[in-house]
Amino acid sequence: MTDKIKALEAEVAAYLITDAATREAFRLKFLAKKGEIMPLFDEFKSLPNEEKRVVGALLNKLKTAAEERFKSSESLSAKAESVDGFDFSRPAVSSFSGSLHPLNQVRSQLIDVFSRLGFEIATGPEIEDDWHNFTALNMPEDHPARDMQDTFFVQTDPAVVLRTHTSPVQIRTMLAQQPPIRIIAPGRVYRCDSDATHSPVFHQIEGLYIAKDVSFADLKQVLFTFVKEIFGEGLGIRFRPSFFPFTEPSAEMDIEWIKNGESSWMEILGCGMIDPNVLRNCGIDPEEYSGYAFGLGVERIAMLKYGIRDIRLFYENDVRFLSQFESGTV
Ligand code: PHE
């Protein structure tokens with residue numbers, strides 16, 4: 001009888017309970033009056049007294065084990081009954097859900113800020129022609145400012161370039177619609193330049209506003225608002241006089257950041273009042289309308305916002321880097 005009890009004990013432990021049906025089968029086999037265990041108690045009564053003590057203890061242990069297995073599988077009886085062999089009580093495996101790339105997170109935040117200020121989104125091609133990328137922006141052939149743009153040319157046709165900035169979208173928009181114009185143009189741009197703060201492919205957001213009596217004060221107001229929205233209050237901002245052929249006057253805007261414990265400045269955008277020549281190139285009368293434009297670097301802003309020292313980290317797709325930005329909405 002001891003052998004039988006031991007065998008049943010092993011059977012109880014190994015019995016697969018996966019749903020309400022197998023649980024009921026377990027009950028009938030082991031716990032019911034006519035199951036495998038209860039009749040053993042009758043047999044037990046006829047044992048000689050000296051065996052009773054040992055067998056009694058084993059038998060009680062077996063019964064308790066069967067009852068406990070039955071009880072611990074209680075939750076299964078409420079679950080789906082049709083999936084065979086699936087253990088519903090197994091803990092779930094947690095999964096990695098991914099997140100938006102930090103550059104896309106910053107791009108969305110920027111678009112959100114400018115949208116609230118009334119700017120609409122405009123787009124243009126990344127493979128551009130010379131006229132839209134340079135000439136119409138007041139940079140005729142042989143103009144020295146072209147050299148600063150580190151242009152990628154298409155070898156078979158030097159009049160086709162990978163756009164070096166989002167400014168050609170200004171031209172395309174002005175040609176397509178009359179003022180008032182208020183657009184931003186987010187997009188990819190290309191320059192033959194590569195180090196810790198420059199990438200041959202990077203992202204800009206162009207801004208353009210043309211209406212009657214637009215002034216430099218309007219431009220500053222919009223840029224101050226954007227910095228406050230993205231970085232919060234109290235950050236050092238400075239405007240430096242600069243030169244762009246398509247704006248007059250022109251400025252560059254720097255934002256303060258801490259580098260090796262010391263405060264320094266990072267250039268994040270170029271801006272200025274649209275040069276009258278550019279308006280004329282696009283059929284807009286500079287006597288009637290004026291406007292401003294700005295072009296900001298998305299990578300630079302993301303670097304400042306998150307304290308990233310090397311622009312190349314954005315493009316290496318290292319999950320250890322990217323997973324630090326998981327809180328961003330997908
Ligand atoms: N297109 C310029 C650049 O990429 C930035 C700029 C845009 C400057 C608009 C003035 C106005 O360097």
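Just follow the structure's listing: the first ligand is 1, and inside any ligand the first atom is 1. Along the sequence shown, the residues carry numbers beginning at 1.
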Test: K29 cationic atom under 6.0 Å from Y15 six-membered ring centre, within 45° of axis: no
Which ligand 1 atoms are under 4.0 Å away from a heavy-atom of A293? 9 (C), 11 (C)
Under the side-chain contact (heavy atoms from CB on, under 4.5 Å) criterion, do D318 and L313 qualify, and how do the steps go? CA-CA 8 Å; D318 187 332; L313 287 165; over 6 Å; no
Counting both backbone and side chain atoms, is some N or O of Q204 under 3.5 Å from an N or O of ligand 1? yes
For F246, give me all partners under ring-ring contact (aromatic ring centres under 6.0 Å, His included), at least two apart in sequence or on another chain. H165, F244
Give me the residue, atom name and distance of the protein heavy atom closest to atom 4 (O) of ligand 1. R191 NH2, 2.8 Å
Residues passing the ring-ring contact (aromatic ring centres under 6.0 Å, His included) test with F114, sequence neighbours excluded, are F119, F226, F294
Heavy-atom closest pair, residues L175 and C282: CD2-CA, 3.7 Å
Nearest protein heavy atom to atom 6 (C) of ligand 1, by residue and atom, and its distance? G270 O, 3.7 Å
Below 4.0 angstrom from a heavy atom of C271, which ligand 1 atoms are there? Numbered from 1 as shown, please. 8 (C), 10 (C), 11 (C)
Is there a heavy atom in Q149 that sits closer than 4.0 Å to ligand 1? no
Decide side-chain contact (heavy atoms from CB on, under 4.5 Å) for V214 and I210; before the verdict, give the C-alpha distance in whole Å, the side-chain angles of both, and the deciding distance to 0.1 Å. CA-CA 7 Å; V214 179; I210 302 174; over 6 Å; no
Q221-T225 side chain donor-acceptor pair, cut-off 3.5 Å: yes
Note: ligand 1 atoms sitting under 4.0 Å from heavy atoms of G295 are 6 (C), 7 (C), 9 (C)
Is S167 in polar range of ligand 1, meaning some N or O pair under 3.5 Å apart? yes
Answer with yes or no whether F246 contacts ligand 1, where contact means a heavy atom under 4.0 Å from a ligand atom. yes
Are any of the N/O atoms in H165 less than 3.5 Å from those in ligand 1? yes
